[in-house]
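Both backbone and side-chain heavy atoms feed into the values below; hydrogens, waters and symmetry mates do not. Predicted model, so just to flag it, every value in this text is computed and none were measured. Numbers restart at 1 for each chain; the letters A, B, ... are given by sequence-line order, proteins then strands.
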There are 2 protein chains.
Amino acid sequence: MDKKVNVLSGDCAKKLRAIDDTMYILSGKWKMPIIARLCYGSMRYSELLKSIAGISGKMLSRELKELETNNLIEKEVWRSESMSVRYRLSEHGQTLKILTDSIADWGINHRMQIMEKW
Amino acid sequence: MDKKVNVLSGDCAKKLRAIDDTMYILSGKWKMPIIARLCYGSMRYSELLKSIAGISGKMLSRELKELETNNLIEKEVWRSESMSVRYRLSEHGQTLKILTDSIADWGINHRMQIMEKW
DNA sequence: CTGAATCCTGCCAGATACTG
DNA sequence: CAGTATCTGGCAGGATTCAG
């Protein structure tokens with residue numbers, strides 16, 4: 001009667017899909033570094049460019065655009081004599097703070113584990 | 001006296017580094033899908049291969065090797081008439097369960113947010 | 001300053017064949 | 001079954017230039 005339970009059925013499949021969803025949104029080399037910084041407040045394009053070591057202008061604008069498309073960040077344009085654009089987490093994007101905290105916590109814990117070995 | 005506080009100094013830098021650490025370990029297209037499955041128990045190479053849509057044998061073994069190098073998973077080899085290898089989360093790798101839960105939760109929540117728009 | 005467009009390159013990863 | 005080796009095309013992403 002009871003068919004052997006597949007370890008990957010039921011709730012599990014839902015979780016796997018959810019993880020795929022998240023990773024799809026956050027995939028790419030620079031999404032997390034960008035988001036992590038915006039967790040602390042809005043930043044200008046040039047500030048992000050300076051802050052994120054190694055990123056190119058092309059990649060920064062590409063990734064920002066994707067994040068904006070997914071409603072995770074918002075941009076605000078100021079036109080004075082020289083243009084200024086600020087990026088910030090959207091209301092929905094604020095939910096990423098919890099996630100980045102989890103990720104950061106794991107990183108800190110992992111680093112401690114590594115240290116103990118030496 | 002009080003220098004203007006840089007939004008990206010202090011604890012913040014620590015968090016940014018921690019996120020970089022985590023993402024470095026978990027970077028790559030297939031790390032999370034693999035880990036997510038191993039959260040539910042050990043699996044054979046061929047089971048993972050079937051379970052993860054789109055992954056090639058080369059990538060699977062490569063990513064498994066990296067995860068093993070980072071002490072997140074362990075492999076167990078059985079030699080009967082035909083070889084069998086099972087992969088499981090290591091003790092330290094178990095800490096990834098919490099992280100994957102956070103990631104899955106965010107994915108579920110995000111999907112709901114998207115739905116509401118329509 | 002904030003990008004978009006173009007060109008160019010390395011390496012990522014798929015396909016295939018082979019091994020223990 | 002559980003991988004490795006080799007070969008190859010495509011594309012991610014860097015550098016540079018142009019535009020608003």
Side-chain angles (χ1 to χ4, degrees), chain A residues 6-8 20 23-38 41-90 93, chain B residues 6-8 20 23-35 37-38 41-70 72-90 93:
Chain A
N6 185 327
V7 280
L8 293 184
D20 283 348
M23 297 317 284
Y24 184 75
I25 300 288
L26 302 181
S27 69
K29 204 173 170 181
W30 306 107
K31 299 269 170 53
M32 285 307 303
I34 293 170
I35 290 166
R37 280 159 181 80
L38 295 182
S42 69
M43 289 180 77
R44 302 182 54 164
Y45 177 83
S46 50
E47 287 174 331
L48 286 167
L49 204 55
K50 271 183 299 181
S51 171
I52 303 175
I55 196 172
S56 67
K58 185 172 82 171
M59 291 314 296
L60 179 56
S61 39
R62 182 186 295 179
E63 304 270 83
L64 286 169
K65 194 182 295 177
E66 280 185 49
L67 289 171
E68 200 190 352
T69 300
N70 287 315
N71 276 303
L72 296 174
I73 65 174
E74 296 165 344
K75 64 190 288 191
E76 178 184 16
V77 182
W78 283 75
R79 296 192 173 280
S80 51
E81 74 278 13
S82 70
M83 175 186 281
S84 165
V85 181
R86 298 198 75 86
Y87 291 91
R88 76 184 73 256
L89 292 181
S90 67
Chain B
N6 185 326
V7 279
L8 294 184
D20 283 347
M23 297 316 284
Y24 183 76
I25 301 288
L26 302 181
S27 68
K29 204 174 171 182
W30 307 108
K31 299 269 170 54
M32 285 307 302
I34 292 170
I35 290 165
R37 280 159 183 81
L38 295 182
S42 68
M43 288 180 78
R44 302 182 55 163
Y45 177 84
S46 51
E47 288 175 332
L48 286 166
L49 204 54
K50 272 184 301 182
S51 171
I52 303 174
I55 196 172
S56 68
K58 185 172 84 172
M59 290 313 296
L60 179 56
S61 40
R62 182 185 295 178
E63 304 270 82
L64 285 169
K65 196 180 293 178
E66 280 185 49
L67 289 170
E68 200 190 351
T69 300
N70 287 314
L72 296 174
I73 66 174
E74 297 164 344
K75 66 191 285 192
E76 177 184 15
V77 182
W78 283 74
R79 295 192 172 282
S80 51
E81 73 280 12
S82 72
M83 177 186 279
S84 165
V85 180
R86 297 198 76 85
Y87 291 90
R88 75 183 75 254
L89 291 182
S90 67

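Out of dG3(C), dC1(C), dA15(C), the shortest distance to the side chain of K58(B) is found at dA15(C). The side chain of K29(B) lies closest to dG14(C), out of dG14(D), dG3(D), dG14(C). Side chain of S84(B), nearest nucleotide from dT2(C), dA2(D), dG3(D): dA2(D).
One finds a side-chain N or O of Y87(B) lying less than 4.0 angstrom from the OP1 or OP2 phosphate oxygen of dG3(D). Distances shorter than 4.0 Å separate none of the side-chain N or O atoms of S61(A) from OP1 or OP2 on dG3(C). Remark: S56(A) is not in phosphate contact with dG13(D), judged by side-chain N or O atoms under 4.0 Å from OP1 or OP2. Phosphate contact (OP1/OP2 of dC1(D), side-chain N/O of R44(B), threshold under 4.0 Å): absent.
In this structure, the CE atom of M59(A) is 17 Å from the C1' atom of dT2(C), given to the nearest Å. In this structure, K75(B) places its NZ atom 10 Å from P of dA2(D), rounding to the nearest Å. If you take CD of E76(A) and C1' of dG3(C), they are 17 Å apart, rounded to a whole angstrom. Rounded to whole angstrom, the span from the CZ atom of R86(A) across to the P atom of dC1(C) amounts to 14 Å. Rounded to an integer number of Å, the gap from M83(B) CE to dT4(D) P is 11 Å. Atom CZ in R79(A) sits about 10 Å away from atom P in dG3(C), given to the nearest Å. Spacing between atom CZ of R62(B) and atom P of dT4(D) amounts to 10 Å, rounded to whole angstrom units. Taking atom CD1 on I52(B) and atom P on dG14(C), their separation rounds to 12 Å, with Å as the unit.
Checking side-chain atoms of S51(B) against main-chain N and O of L48(B) turns up no donor-acceptor pair under 3.5 Å. The backbone N or O of S61(B) sits nowhere less than 3.5 Å from a side-chain atom of K65(B) that would complete a donor-acceptor pair. Remark: the backbone N or O of W78(A) is not paired with any side-chain donor or acceptor of S84(A) at under 3.5 angstrom.
The side-chain heavy atoms of L49(A) and Y45(A), taken from C-beta on, include a pair separated by under 4.5 Å.
Nearest-nucleotide positions on DNA chain D place S82(B) closer to the 5' end than the other of S82(B) and G54(A).
Under the salt bridge (charged side-chain N to carboxylate O under 4.0 Å, His left out) rule, E63(A) has a single partner from K31(A), K58(A), R37(A), which is K31(A).
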